[in-house]
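This structure is a prediction, so every number in the text was calculated from the model and none was measured. To find a chain, count down the sequence lines: A is the first, B the second, and so on, and within it residues start at 1.
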Protein chains: 2
Amino acid sequence: MGTPSMQKQSSADKVLKVLDLFTEDAPAWTVEMLMTELGATRATTYRYLKALYDAGLLAPGAGSSYVLGPRIIQLDRQIRRSDPLLQIAVPLLEDERSPLIGAKNISSLYGDQVLSVYVERCDPDIVLTMQRGRVFPLVYGSPSRIILAYLPPYQMKNFYTANAEEVARAHLGDTWEEFRTSMRRLRKHGHCIGNEMNRTVVGISAPIFHDKSAVSASLSYVRRVEFTSDEQKAELVDLVMTAADRISKQLLSYKPENGAKGPVFTTPRMSG
Amino acid sequence: MGTPSMQKQSSADKVLKVLDLFTEDAPAWTVEMLMTELGATRATTYRYLKALYDAGLLAPGAGSSYVLGPRIIQLDRQIRRSDPLLQIAVPLLEDERSPLIGAKNISSLYGDQVLSVYVERCDPDIVLTMQRGRVFPLVYGSPSRIILAYLPPYQMKNFYTANAEEVARAHLGDTWEEFRTSMRRLRKHGHCIGNEMNRTVVGISAPIFHDKSAVSASLSYVRRVEFTSDEQKAELVDLVMTAADRISKQLLSYKPENGAKGPVFTTPRMSG
DNA sequence: GTCGTGATCTCAATAGATGAGATTTCTAGT
DNA sequence: ACTAGAAATCTCATCTATTGAGATCACGAC
């Protein structure tokens, strides 16, 4: 990280970088604040804001402030409705009513990150940190790890060379060979059990494939750890692996219905 | 609609307009398709895609196709977490367990549109068309109309002059005076009952204010029409008006906690 | 290791971005 | 309805970034 060459910056890049300023800690920005932050004049700042406002990505707030706009919420709905994974998985998961399951989660692979895309709380008293939209690194948490374990060899290799330290810190192996072995073991089991993300629950994750040997997501069933016996864990393993397998099978035969033009799956990019 | 003067188009505008191509009916675009659609060369098309990909708004899919990206899902979560309306309203609504309520909805005013931002299904068998992210015009549906009724005078006037036909078509008045009267009546009742959006349910909506006489959203309680007596409607009116009022009161005294810099409410713009 | 597709680079010509201040548009209060 | 004050847009000359065409590069697949 840190190539000395300063990349040439296009205008669109500069406009889009404004979006990154709108974080949870700073959800609203006044024009004055943006001017100093961008080092631009009032006219230019308004030009940037207008571009984002016209796209609906920002909305004017009180005073001369701006906040994230309605288009984001609309686009998220569009994704929810056009994602074949959710189209297939959600009805299946809603039919699954085993009382063992405290919560269900689907996490998708995007590039070298894993994004939670669906959370269903079944046990009303369970404490969940997962929400649609949370991002995790590939080494952290069982939903991520089971995806990591099923990456194609070259991607796994790339990932390791770029993230050897994180892998070691996560106790997934201090060398490439150790790492490969632990990943092989995960594949052999076909699932991953963890409770490091949230100490009050156990999560059991199984891989979802959108193509033969191309992992795209994971399904996790979660339960409060205090009430979970080993037998129940074993049963949850069965449940989650069966459900994930059923989802994968339907995904393999998925054909878009409503005239959708082409595939809708993402492919990972290890570059970063 | 239809100013003869062709507006000068900035580069950022062109890049952002690419996002509009990704609709529910066309969730995935190949580079070739985008080239013909944009009338641009391969190099330019890739430049646009790279800008949006680097921002996370698009993600590469199978083949040389692109789909909406993970950043949208993340940003939606950010909005959910930083919106004071949801911070205040959701806990209050989750405590409300009256069996009369089949579903709950919060809709927010953005510009001259109303966006559904929260939906909670209470009756598991109710058929809902509302979802977070759906957009409605200001004249259509009770969640919209109760917001329309409480717009400040100049905005209401602006809205009427720009949308007289739609207002008449929605039977809200054939003249400005008639419109003003029907809006006054809605304000007098303090709520709006409707079932035009979804014939199988009745919805009852009450306004939510984020400032004295500045409407920002509406709360709606919904129930299957087949099971709803007039007495139950009256009780639902009480429930929704009480809850909306409680939310408004808390919003008025809302102060951001976590060092958020400034207000987070949107102000309408009637320009369109 | 080697092939093939998908993505990026190079360079000259051209089209768009920028800053400063005036101007217009919008909103709130009387 | 009218007006004061603020918010957003416009104008124009200068300068810098974007564009297209083709070659080249990089990465994933076998």
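Remark: P of D:dT18 and CG of B:Leu49 are 16 Å apart, rounded to the nearest angstrom. The CG-P distance, from A:Asn158 to D:dC27, rounds to 8 Å in whole Å. Computed from coordinates, the A:Leu38 CG to C:dT18 P distance equals 10 Å when rounded to whole Å. With rounding to whole Å, A:Tyr53 atom OH is found 11 Å from C:dC26 atom P. Protein atom NZ of A:Lys50 is 17 Å distant from nucleotide atom C1' of C:dT18, rounded to whole Å. Rounded to whole angstrom, the span from the CG atom of B:Leu52 across to the C1' atom of C:dA7 amounts to 16 Å. In this structure, A:Met156 places its CE atom 16 Å from C1' of D:dG28, rounding to the nearest Å. One can place CZ of A:Phe159 at 17 Å from P of D:dC27, the figure rounded to the nearest angstrom.
Using modelled atom types, no side-chain atom of B:Gln155 and backbone atom of B:Leu151 make a donor-acceptor pair closer than 3.5 Å. Side-chain atoms of B:Trp29 never come within 3.5 Å of backbone atoms of B:Val67 as a donor-acceptor pair (strictly under, hydrogens ignored). Of the possible polar contacts, one joining the B:Ser248 side chain to the B:Phe209 backbone as a donor-acceptor pair under 3.5 Å is found. Of the possible donor and acceptor atoms, none in the side chain of B:His189 sits under 3.5 Å from a partner among the backbone N and O of B:Arg187.
Within the 4.0 Å cut-off from OP1 or OP2 of C:dG16, not a single side-chain nitrogen or oxygen of B:Ser10 is found. OP1 or OP2 of D:dT9 has not a single side-chain nitrogen or oxygen of A:Tyr46 nearer than 4.0 Å. Contact check, B:Tyr48 against D:dT19: a side-chain N or O comes under 4.0 Å of OP1 or OP2. Phosphate contact (OP1/OP2 of D:dT18, side-chain N/O of B:Lys14, threshold under 4.0 Å): absent.
Judged by closest nucleotide on DNA chain D, B:Lys157 is the one of A:Ala12 and B:Lys157 placed further toward the 5' end. Between A:Ser64 and B:Arg42, the residue anchored nearer the 5' end of DNA chain D, judged by the nucleotide with its closest heavy atom, is A:Ser64.
When only modelled atom types and interatomic distance are considered, A:Asp13 and A:Ser10 share a side-chain donor-acceptor pair under 3.5 Å.
Screening A:Leu148, A:Val167, A:Leu172 against A:Tyr160 for a side-chain contact (heavy atoms from CB on, under 4.5 Å) leaves a single residue, A:Val167.
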Listing time: all N or O pairs from protein to nucleotides 19-23 of chain C that are below 3.5 Å?
{"residue": "C:dG19", "atom": "OP2", "partner": "A:Thr41", "partner atom": "OG1", "Å": "3.1"}
{"residue": "C:dG19", "atom": "OP2", "partner": "A:Thr44", "partner atom": "OG1", "Å": "2.5"}
{"residue": "C:dG19", "atom": "N7", "partner": "A:Arg47", "partner atom": "NH2", "Å": "3.0"}

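Under the rule for a salt bridge (Lys or Arg N to Asp or Glu O under 4.0 Å), the partners of A:Asp54 that lie at least two apart in sequence or sit in another chain are A:Lys50.
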